[in-house]
Amino acid sequence: MRFKFFGILFLCCLGVFACTKSKRVERKIQGEWVLKEMRIIDGQGFTHYLDAVSGSLTLDFDDQISEGLVSFQIESINNNQLFTNNFSGDSLEYNADLNVLYIGENQERRVFSLILHNSRDLVIEYYDLLSYQLRKFIFTRS
């Protein structure tokens with residue numbers, strides 16, 4: 001009987017702490033961010049460092065809205081093709097258990113791994129299956 005009580009109490013505490021961690025991270029990364037740099041790892045394992053990038057990202061967890069657009073070019077990949085990444089959507093969500101952000105909406109909703117977050121820096125990444133590229137976005141607070 002006592003074991004059952006402590007087991008239930010332990011599960012309740014886990015739920016409270018997970019919720020607290022999630023809200024703490026959301027408060028820390030909410031707001032406006034400016035893209036500073038990108039790193040792209042192509043299908044052959046080469047890392048491309050891009051600093052001639054432009055774009056921004058705004059995260060609003062209260063209304064579950066994300067906004068922003070990023071554009072970048074890679075001279076050595078895909079014949080200098082211009083890429084864009086649209087962050088706009090109305091289904092913003094943070095999953096503390098997986099440490100991922102869901103950004104976008106409908107078919108354009110992507111899963112971004114949350115690599116680094118503090119009051120000044122935000123680093124997220126996702127794997128683009130169509131281009132065979134791991135795309136890492138490095139933002140600073142605007």
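Predicted model, so just to flag it, every value in this text is computed and none were measured. Note that these values count all heavy atoms, side chains included, but never hydrogens, waters or copies made by symmetry.
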Got [X] and [Y] here, is their nearest side-chain heavy-atom distance under 4.5 Å?
X      : Y      : result
Ile65  : Leu59  : no
Lys136 : Ile124 : no
Phe61  : Leu92  : yes
Val25  : Leu114 : yes
Trp33  : Leu35  : no
Glu32  : Glu67  : no
Arg109 : Ile103 : no
Thr84  : Leu69  : yes

What are the two closest heavy atoms between [X] and [Y], and how far apart are they?
X      : Y      : answer
Leu122 : His117 : CD1-CB, 4.1 Å
Ser142 : Val34  : CB-CG2, 3.3 Å
Gln30  : Asp62  : NE2-OD2, 3.5 Å
Gly104 : Ser66  : N-OG, 3.8 Å
Tyr126 : Val111 : CB-O, 3.4 Å

Quick one: [atom1] on [X] to [atom2] on [Y], what's the gap to the nearest 0.5 Å?
X      : Y      : atom1 : atom2 : answer
Ile29  : Leu57  : CD1   : CG    : 8.5 Å
Lys36  : Arg120 : NZ    : CZ    : 9.0 Å
Ser71  : Met38  : OG    : CE    : 9.5 Å
Leu101 : Asn95  : CG    : CG    : 9.5 Å
Asp128 : Arg135 : CG    : CZ    : 4.0 Å
Gln64  : Tyr94  : CD    : OH    : 15.5 Å

(message) Ring centres under 6.0 Å, that's the criterion: do Phe137 and Phe87 meet it?
(response)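 Centroid separation for Phe137 and Phe87: below 6.0 Å.
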(request) Give a yes or no on whether a salt bridge exists between Glu105 and Arg110, defined as a side-chain N under 4.0 angstrom from a carboxylate O. (result)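 Salt bridge absent between Glu105 and Arg110.
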(message) Check the orientation of Phe72 and Phe83. Use parallel for under 30°, tilted for 30 to 60°, and perpendicular for over 60°.
(response) parallel
(request) Treat each ILVMFWY residue as a node, draw an edge where side-chain heavy atoms are under 4.5 Å apart, and state whether Ile138 and Leu50 are in one component. (result) no
(request) State plainly whether one hydrophobic cluster holds both Val53 and Phe139, where clusters connect Ile, Leu, Val, Met, Phe, Trp and Tyr through side-chain heavy atoms under 4.5 angstrom apart. (result) yes
(request) Return yes when atom OH of Tyr132 has more than 12 non-hydrogen atoms of other residues, nucleotides or ligands closer than 6.0 Å, and no otherwise. (result) no
(request) Say whether, by atom type as modelled, one donor and one acceptor occur between the side chain of Ser91 and the main chain of Tyr102 under 3.5 angstrom. (result)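 No.
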(message) The criterion is side-chain hydrogen bond (donor to acceptor under 3.5 Å, both in side chains); which residues satisfy it with Arg39, sequence neighbours excluded?
(response) Glu37
(message) Determine whether Val100 and Phe112 satisfy the following criterion, side-chain contact (heavy atoms from CB on, under 4.5 Å), listing intermediate values before the conclusion.
(response) CA-CA 5 Å; Val100 296; Phe112 291 84; over 6 Å; no
